[in-house]
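Okay, so here's the structure we're looking at.
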Amino acid sequence: MLPLLFAAPAVALSQGVDKPEKALPNVVLIYADDIGFGDLECYGAKGVKTPNVNKLALNGLRFTNAHSVASTSTPSRYSLLTGEYPWRKPGTDVAAGDAAMIISPDQHTVADVFREAGYTTAAFGKWHLGLGAESGKQNWNGPVSPALADIGFDYSYIMAATADRVPCVFIENGKVANYDPSAPIYVSYKKNFEGEPTGRENPELLYNLKHSHGHDMSIVNGIGRIGYMKGGGNALWKDENIADSITLKAVKFIEKSGDAPFFIYFATNDVHVPRFPHERFRGRSSMGLRGDAIAQFDWCVGEIIRALEEKGVLENTLIILTSDNGPVLDDGYADGAEELVGEHSPTGGLRGGKYSTFEGGTRVPFIVHWPARIKESGVRTGLVSQIDFLDVMASITGVSSGERVSPDGAPIEKNTWLGADDGGRPFAVEMAANHTLSLIMFGWKYIEPKGGPAMVPWGPKIETGYSAEPQLYKMVDGELDENNNVAGEYPTLVNGLKKELENIRNRRGYYIECR
Ligand code: NG6
Ligand code: CA
């Protein structure tokens, strides 16, 4: 168990608020990419300072047992936005940059929930959930449709996929931002465009970052990518400016907000690869580019807080800060992450990491800050899952009056999220990269026997947790001990948890029934 760092005194930090209960709060989701359970200072990070995140934790709730739904981005984000497990919907695995939109316009998203409650909604940063009607058929030189406006976002300024996938341009309300008509954009995930250099054939052009595995196709800004693209001209992003660009847009959105409350989905590129933070963050950590990217992430958080403060709305803004999956060091670029990590443990000592079924894959930082409402700050140990985001928001905004409005979430978890009780969910289901499911229940963790390689096979040095045998891990001193598989000792329990997992898999709304 980690020491409970930064445990704030249990006192009301903000009193005398004018009628906070009556006005609906603004909601800002700060959704980091690949930031692990141990990557922030208030969660025990070494070698990097995160003062802005620490401040949120000090004045809010810091959860130590919160989980993303999957250990990779697309399925994790899909579940957070829809309240549906990704394994219910084919096609929710890590998406290519030319994937069609994965959430269909007739699905009910968390952005729809906020719209129903009268909010203005906006998304910034990493999207990675597809755009357009057909994969590979988007015309990037005109409006791409469907896009985020079709699933509840009034405004969006996003990257189609990830920074390591083409197209390397921002998309504002469905159209390439800063579009350069002299350089029309073409994208393919099948073959290169004639005459265009690639990282594989022209390594001498990789002047910013070299790849360690994969990422050897088109070169943009001296960095090799996944996929091929041609054109873009002035619209192409510079990796060192991505954090600035999305933060500036979000800050502007806050400054210009009117009477309606707002919902901001602020999804950073940090600390996903390629890690190439702005030069003013270089050397801020002892860990090279990955640690510097954490410092950059913290700066973004600080800017959002500052904008809310200056607008005079911080008090009644609910900020939730979390990550889409666990951490990875070498995820495909020679950025020194492995060599320079030193004493720092990105998973905070948990086994596994990004892609894996062990806790390192899905246990993530989770901080809730809402001065007008949360009077007792501190650390919370209850089990939390991002699957509940939509239902908790529907409950907070009054869109639901206690009934479940997503396929798999649970509105009652509002009590845990806002600190009213620390009971937490009775169970959480998590999905690894190869779709192995694990179930945390009654203080145990069961990992289904699906088989697969023990280590991630394509480059990152991470234990997958896959096995052909069932795994059962026990709580020891308040922490799951994933080093000791006790399935052999508890065959009845293994069978019981296997059945529970089958029930959850086969029946929607199971959660309500089991309460
Ligand atoms: C992998 C990429 C990795 C990262 C990941 C998705 C290679 C070799 N590796 O396929 O770099 O992009 O996909 O990460 O291409 S996620 O956080 O968006 O899920
Ligand atoms: Ca991720």
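Treat the numbers as computed from the prediction; the structure is a model and nothing was measured. Counting starts at 1 for both ligands and their atoms, in listed order.
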Nearest to [atom], what protein heavy atom do you find, and at what distance?
atom	answer
atom 17 (O) of ligand 1	Lys354 NZ, 2.9 Å
atom 5 (C) of ligand 1	Tyr355 OH, 3.4 Å
atom 11 (O) of ligand 1	Asp331 O, 2.8 Å
atom 18 (O) of ligand 1	Lys126 NZ, 2.8 Å
atom 13 (O) of ligand 1	Arg165 NH2, 3.0 Å
atom 15 (O) of ligand 1	Ile226 CD1, 3.3 Å

Three-point angle Asn325:OD1, the Ca ion (ligand 2), Asp34:OD1, rounded to the nearest 10°
100°

Passing candidate, salt bridge (Lys or Arg N to Asp or Glu O under 4.0 Å) with Arg290, options Asp34, Asp39, Asp33:
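Only one of Asp34, Asp39, Asp33 forms a salt bridge (Lys or Arg N to Asp or Glu O under 4.0 Å) with Arg290, namely Asp39.
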
So, applying salt bridge (Lys or Arg N to Asp or Glu O under 4.0 Å) with Arg225, which one of Asp164, Asp239, Asp216 is it?
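Running salt bridge (Lys or Arg N to Asp or Glu O under 4.0 Å) over Asp164, Asp239, Asp216 with Arg225 returns exactly one hit, Asp239.
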
Interatomic spacing from [atom1] in [X] to [atom2] in [Y] - rounded to 0.5 Å:
X	Y	atom1	atom2	answer
Leu390	Phe114	CG	CZ	8.5 Å
Leu308	Phe262	CG	CZ	5.0 Å
Ile320	Leu29	CD1	CG	6.5 Å

With heavy-atom distances below 4.0 Å as the criterion, list the atoms of ligand 1 near [X].
X	value
His128	18 (O)
Asn325	17 (O)
Asp34	17 (O)

[X] versus ligand 1: do any nitrogen or oxygen atoms come within less than 3.5 Å of each other?
X	answer
Thr74	no
Thr72	no
Thr162	no
His215	yes

Would you say Asn54 and Thr50 are linked by a side-chain donor-acceptor pair, where the criterion is simply a distance under 3.5 Å?
yes

In terms of heavy-atom contacts, does NZ of Lys210 have more than 12 from other residues, nucleotides or ligands at under 6.0 Å?
yes

Could you walk me through whether Tyr157 and Phe124 pass the ring-ring contact (aromatic ring centres under 6.0 Å, His included) test, one step at a time?
CA-CA 5 Å; Tyr157 182 81; Phe124 301 91; 7.2 Å; no

Record the part of Tyr333 in heavy-atom contact with ligand 1 below 4.0 Å; permitted values are side chain, backbone, both and neither.
neither

Ion pair present between Lys190 and Asp98, side-chain N to carboxylate O less than 4.0 angstrom?
no

Nearest non-hydrogen contact with atom 19 (O) of ligand 1 belongs to which option: Gly214, Ser73, Ser212, Ser323?
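Of the listed residues, Ser73 has the closest heavy atom.
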
Is Gly332 close enough to touch ligand 1? Criterion: a residue heavy atom under 4.0 Å from a ligand atom.
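So Gly332 does not count as touching ligand 1.
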
